[in-house]
2 protein chains.
Amino acid sequence: MYFSVYDGAVSSRPEVTMAERKRQLVSSELTEAALQLLARKGFDAVTIDEIVATAGVSRRTFFRYFASKEDVVVQFLADMGDGIRAELAARPDDERPSVALRHAVWVPVAACGDHRERVLPVVRLILRTPALRARFLERQAQWSDDLTGEVARRLGRDAGDDMYPRLAAGMALSAFDAVLRRWSESDGAEDPAQLTDRAFAVIAPALDGDGA
Amino acid sequence: MYFSVYDGAVSSRPEVTMAERKRQLVSSELTEAALQLLARKGFDAVTIDEIVATAGVSRRTFFRYFASKEDVVVQFLADMGDGIRAELAARPDDERPSVALRHAVWVPVAACGDHRERVLPVVRLILRTPALRARFLERQAQWSDDLTGEVARRLGRDAGDDMYPRLAAGMALSAFDAVLRRWSESDGAEDPAQLTDRAFAVIAPALDGDGA
DNA sequence: GTCGCTCGTGGCACTCAGTGTCAAGGGGTG
DNA sequence: CACCCCTTGACACTGAGTGCCACGAGCGAC
């Protein structure tokens, strides 16, 4: 499940402990309060004190759940990175890179489209706030490193010696970025899955080239 | 001239005003002190107070020259973005994208190699410090937007309608990133210009494809 | 020369992000 | 009941970044 699509209520599965459920609840409360305030008033106009007052916890507790104000927002989309990597790892090793990477990006992106009402405001907030944009790009850089490793493993190449794996990961995330941006600029009107196809049609010749 | 290769002394050209030269001097002093301290002790271990004490100016003055602690470092490499765009704009409009973009990236990258002693420590500092990495990527995102516009202009395409310009810019900067990283990891041993050639050999098929 | 203008600077106070520490409470376990 | 573990809230503190104001150095006008 990508971008923490919690339902706001505590799931009462018996296998998780009480403390665990309380933690989830506080985290949800905090995320909900933060995203709602930030999207409405803008990133700089909201202080941590406002957020914790709305969520009904202490300032100190906020920083036990999130490393920074940026983190609340970025965390919301953070799981997509793991999703992309996991999806790539699940593709057969002999599949063409362009196909495997397209699928890897496709799945999380399509999930965005499925939760447009919740995800789109967050994406718009990130794209228009430099500090958030920076932190999000930082996160993407980690995704890029992960993807690089996975691509190298699939091809049996050494990422420290060969430039292809890193470039392939970079191109795939450039496509991801372009899709997210187009999707946001169209107010969610364009189909993310289709945008992904179009983006990968452009970069495929390089992904499947001989990588000399 | 990329990455502010000042000489530490005040150039006494008569056509610039006294105040202007003083400003340059303070800026140099600050940059010098900051880079030296940060590279030696690490980003988090150095406070603004230390920097300004070393440079001999007040805390308040620091923020008149740089927007943040990150900014001192990132600014040092910031001109490379303008360089890339300018270089691209200078290429003939009918040149193949792979060739034009390769040249555009090549020139600033080669400049890095020419000032290795000064640039390499900064690059290493950025790559190993998350906060700086984030700010640098943020800056690169601006470069990407600029490049996207220039690519669209060259091809007479609309960047708002066509995904190719944004993807081409993204791929070029992915290549730039990969080169910078390899260069840093090799302690400057590998030739940046040659790394650029190799990276563009990988992405060229996509840059010169029909961009369907 | 000196008056007055401008601009860069330093000093101060303030807000806010982020962290270390400690005491208190609540829930599970013997 | 007593004990332990984990989470929380409260407080204090550092450091980044900003607004404000007064001072002084350069510079043109007279």
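Residue numbers begin at 1 in each chain, while the letters A, B, ... track the order of the sequences. In this text the structure is predicted, and so the values were computed from the model without any measurement.
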S.K.: Measure CZ/B:Phe62 against P/D:dG15 and give the value in whole Å, please.
M.R.: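 These atoms are roughly 15 Å apart.
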S.K.: Can you tell whether the side chains of B:Glu185 and B:Arg182 come within less than 4.0 Å, N to carboxylate O?
M.R.: no
S.K.: What integer distance in Å separates A:Asp49:CG from D:dC11:C1'?
M.R.: 14 Å
S.K.: Between the base of C:dG10 and the side chain of B:Arg59, is there a donor-acceptor distance below 3.5 Å?
M.R.: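 Checked by distance alone, the answer is no.
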S.K.: Does A:Phe66 reach a base, just sugar-phosphate, or nothing at all? Heavy atoms under 4.0 Å.
M.R.: nothing
S.K.: Starting at atom CZ of B:Arg21, determine the distance to atom P of C:dC7, rounded to an integer number of angstrom.
M.R.: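 Rounded to whole Å, this separation is 19 Å.
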S.K.: A:Tyr65 side chain N/O closer than 4.0 Å to the phosphate oxygens (OP1, OP2) of D:dT8?
M.R.: yes
S.K.: Hey, is A:Glu138 close enough to A:Arg135 for a salt bridge, meaning N to O under 4.0 Å?
M.R.: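 A:Arg135 and A:Glu138: not salt-bridged.
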S.K.: Measure the acute angle between the ring planes of B:Phe176 and B:Phe136, then classify it against the limits of 30° and 60° as parallel, tilted or perpendicular.
M.R.: tilted
S.K.: What nucleotide, of C:dG18, C:dG10, D:dA10, holds the atom closest to the side chain of B:Arg60?
M.R.: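 Side chain of B:Arg60 sits closest to C:dG10.
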S.K.: Counting side-chain heavy atoms from CB outward, which of D:dG9, C:dG18, D:dA16 is closest to A:Val57?
M.R.: D:dG9
S.K.: Is B:Thr61 near enough to C:dG10 that one of its side-chain N or O atoms lies under 4.0 angstrom from OP1 or OP2?
M.R.: yes
S.K.: Quick one: which of C:dT19, C:dC22, C:dG10 gets closest to the side chain of A:Arg64?
M.R.: C:dC22
S.K.: For a quick test of reading the model: is some side-chain N or O of B:Thr47 closer than 4.0 Å to OP1 or OP2 of D:dG15?
M.R.: no
S.K.: Once you round it to whole Å, what is the distance between P of D:dG19 and CG of A:Asp44?
M.R.: 12 Å
S.K.: Considering only D:dA16, D:dG17, C:dG10, which nucleotide approaches the side chain of B:Ser58 most closely?
M.R.: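 Ranking D:dA16, D:dG17, C:dG10 by closest atom to the B:Ser58 side chain puts C:dG10 first.
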S.K.: How about B:Thr61 and B:Arg64: do any of their side-chain heavy atoms sit closer than 4.5 Å?
M.R.: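 In short, these two side chains touch, coming nearer than 4.5 Å.
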S.K.: A:Phe63 CZ to D:dT8 P: how many Å, rounded?
M.R.: 15 Å
S.K.: Without decimals, in angstroms, what is the distance between B:Asp71 CG and D:dA16 P?
M.R.: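 The answer, rounded to whole Å, is 14 Å.
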S.K.: Between A:Glu50 (CD) and C:dA17 (P), how many Å, whole number?
M.R.: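 It is 9 Å, rounded to the nearest whole Å.
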S.K.: Check whether B:Phe43 forms a cation-pi arrangement with B:Arg128 (NZ or CZ under 6.0 Å from the six-membered ring centre, at most 45° off the ring normal).
M.R.: no
S.K.: In whole Å, I'd like the distance from the NZ atom of B:Lys22 to the C1' atom of C:dG10.
M.R.: 13 Å
